[in-house]
Amino acid sequence: MRGIPDLAEIEAMDAADPLRAMRGRFVLPEGVIYLDGNSLGAASVNVFNEVETAAKQEWAQDLIRAWNTARWFDMPVELGDRLGRLIGAAPGQSVVCDTTSINIYKVLHAALAMRPERSVIVAEGDSFPTDLYMAEGVASTRPGTVLRLEGVDAPTIEELVDDRVAVILVNHVNYKSGQLRDMAALTRKAHDAGALIVWDLCHTAGAVPVDLDGSNADFAVGCTYKYLNGGPGAPAFIYAANRHHGDIRQPLSGWWGHARPFAFEQGYAAGTGIRRFLCGTQPVLSMRALKGALDLWDEVDMTAVRGKSIALTDLFIRLVEARCGAFGLELESPRNGAERGSQVSFAHPHGYQVMRALIERGVIGDFRAPSTVRFGFTPLYVGYRDVWDAVEVLEDILRTGAWQDARYAVKEAVT
């Protein structure tokens, strides 16, 4: 594409989009351009169908029998295997369960137990806060454990890795800037130093092709309510490479992780394989909503998703800089599409007010303190015309100063 495209070129891009038909599988409010799928994905028709079946037929009619007749008990592992295709994990290495925060707690404890002679956790200083909070919580239960942070204790993670490091906890895509890390290279760096690595895939799964097995990753965690569209509070997931399964020890030893959960034995005996990361009873209706979301993903080629993601974000950057560059916006995301996830972030000194004004005009993105306006592009339901129209609204808000309206004064965070 040369120069700035006109509307006819934009419409031609939509017409040629191999994922175009997917948009009709989602329920999107009329008059809304939704660019916040990196916080909460849109609902698909498949999800509603699954939840209705689970509630009205399985729960209402089969009652407790549905744990067997509808295979509720097996869903964490079955859904884990289906999700594994999207993150480059062979069957038997992924399980859907609990929340990202809880899973980080479990997996960090497991990794530290596998490196008992080491006492350092390495993480990013600008990580999504829950990662750091949970790392702090894990360290507080293990006397002598130290947390080293990129950007605080050294400029880069690579400089923090030595023979005292037990585990590195790192985001594949930075939640704020969209910066994409080289998974294979950093994993090699960790292993060369004798450390383990945990990849947070919250802003990756469903947006960027991932090859956990091919990268020789040790562990991964992530959520399913962003690009995977599993619904608000949808269960998270854990990946553990097969080679580690015999060594997994984690402190949340609930009955679902027991080797014989229905024997009701007094003492705990860990189950086998990836089931060792299970804890308590899982949320069946949320699991079934996720099943509906994954049904749709079974039809999707991740290469096409990544290609469209880069094209959408490239277009957005070019249009914003061409039409809004004089109004104080500064690109915070990598300019090279191969180095970012499926989002674009700009800094603006009045970013909160700008985002409030955008949302009122039907362009939904989000704000991250102190000055970041963040836009997520979900290729399954965001089109090129959406990008064009969103930039038109943004330009109008900035050019006219509409963001200065008293209604948009800072009162509370934009979620």
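Just so it is clear, the model here is predicted, and its values are computed rather than measured.
The backbone N or O of P283 lies less than 3.5 Å from no partner atom in the side chain of S286, so there is not a single donor-acceptor pair. In this structure a side-chain-to-backbone donor-acceptor pair under 3.5 Å is present from Q282 to G280. No donor-acceptor distance shorter than 3.5 angstrom exists from the side chain of D396 to the backbone of E392, with no hydrogens or angles considered. At least one donor-acceptor pair closer than 3.5 Å links the side chain of D218 to the backbone N or O of I197. A donor-acceptor distance shorter than 3.5 angstrom exists from the side chain of R340 to the backbone of P334, with no hydrogens or angles considered. Side-chain N or O atoms of Q93 include one that pairs as donor or acceptor with a backbone N or O of N242 at under 3.5 Å. Formation of a donor-acceptor pair under 3.5 Å by the T99 side chain with backbone atoms of I102 is found in this model. Judged by distance alone, with hydrogens and angles left aside, the side-chain atoms of K176 form a donor-acceptor pair with the main-chain N or O of A369 at under 3.5 Å. Formation of a donor-acceptor pair under 3.5 Å by the T187 side chain with backbone atoms of A184 is not found in this model. Checking side-chain atoms of K308 against main-chain N and O of V382 turns up a donor-acceptor pair under 3.5 Å.
Counting only N and O atoms by type, the side chains of N229 and S44 include no donor and acceptor under 3.5 Å apart. For the 3.5 Å distance criterion, the side chains of N103 and Y239 fail to qualify, holding no donor opposite an acceptor. A donor and an acceptor atom, one from each side chain of S101 and T130, are located under 3.5 Å apart.
We find the CD-CG distance between E299 and L19 to be 11.5 Å, quoted to the nearest 0.5 Å. One finds the CG atom of D131 at 8.0 Å from the OG1 atom of T100 (value rounded to the nearest 0.5 Å).
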Could you walk me through whether Q353 and Q404 pass the side-chain contact (heavy atoms from CB on, under 4.5 Å) test, one step at a time?
CA-CA 7 Å; Q353 294 96 320; Q404 299 178 58; over 6 Å; no

Run the numbers on T378 and F26 for side-chain contact (heavy atoms from CB on, under 4.5 Å), then give the verdict.
CA-CA 12 Å; T378 305; F26 289 86; over 6 Å; no

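Considering all non-hydrogen atoms of both residues, T224 and L228 come closest at O-CB, 3.4 Å. When every heavy atom of Y225 is checked against every heavy atom of G231, the shortest pair comes out as CB-O, 3.0 Å. Nearest heavy-atom pair, W199 versus A217, reported as atom, atom and distance to 0.1 Å: CD1-CB, 4.0 Å. Scanning both residues, A42 and Y34, for their nearest heavy atoms gives N-CE2, 4.3 Å. Listed here is the closest heavy atom pair of G365 and I359: O-CD1, 4.0 Å. S342 and A207 make their closest contact through CB-CB, 3.9 Å (heavy atoms, listed as atom of the first residue, atom of the second, distance).
Ion pairing between a basic and an acidic side chain is recognised when a charged N comes within 4.0 Å of a carboxylate O; K291 and D295 show such pairing. A salt bridge does not link D389 with R361: none of the charged nitrogens is closer than 4.0 Å to a carboxylate oxygen. Looking at E332 and R368, no side-chain N of the basic residue comes within less than 4.0 Å of a carboxylate O on the acidic one, giving no salt bridge. Salt bridge annotation for D405-R407: present, with a cationic side-chain nitrogen under 4.0 angstrom from a carboxylate oxygen. R23 has a carboxylate O that lies under 4.0 Å from a charged side-chain N of D386, or vice versa, which qualifies the two as a salt bridge. Taking 4.0 Å as the cut-off between side-chain N and carboxylate O, R118 and D163 do not count as a salt-bridged pair. A salt bridge between R181 and E124 is present, with a side-chain N of the basic residue lying under 4.0 Å from a carboxylate O of the acidic one.
Taking the six-membered ring where tryptophan is involved, the planes of W403 and H350 are essentially parallel, since the angle between them stays under 30° and well short of 60°. Ring geometry for Y175 against H203 counts as tilted: the plane angle lies between 30° and 60°, on a 0 to 90° scale. The aromatic rings of F262 and W255 sit perpendicular, their planes meeting at an angle over 60°, well past the 30° parallel limit. Classification of the W67-W256 ring pair by plane angle, with boundaries at 30° and 60°, yields perpendicular.
A heavy-atom distance below 4.5 Å is found between the side chains of R385 and E11. Counting heavy atoms from C-beta on, the side chains of N68 and F73 never come closer than 4.5 Å.
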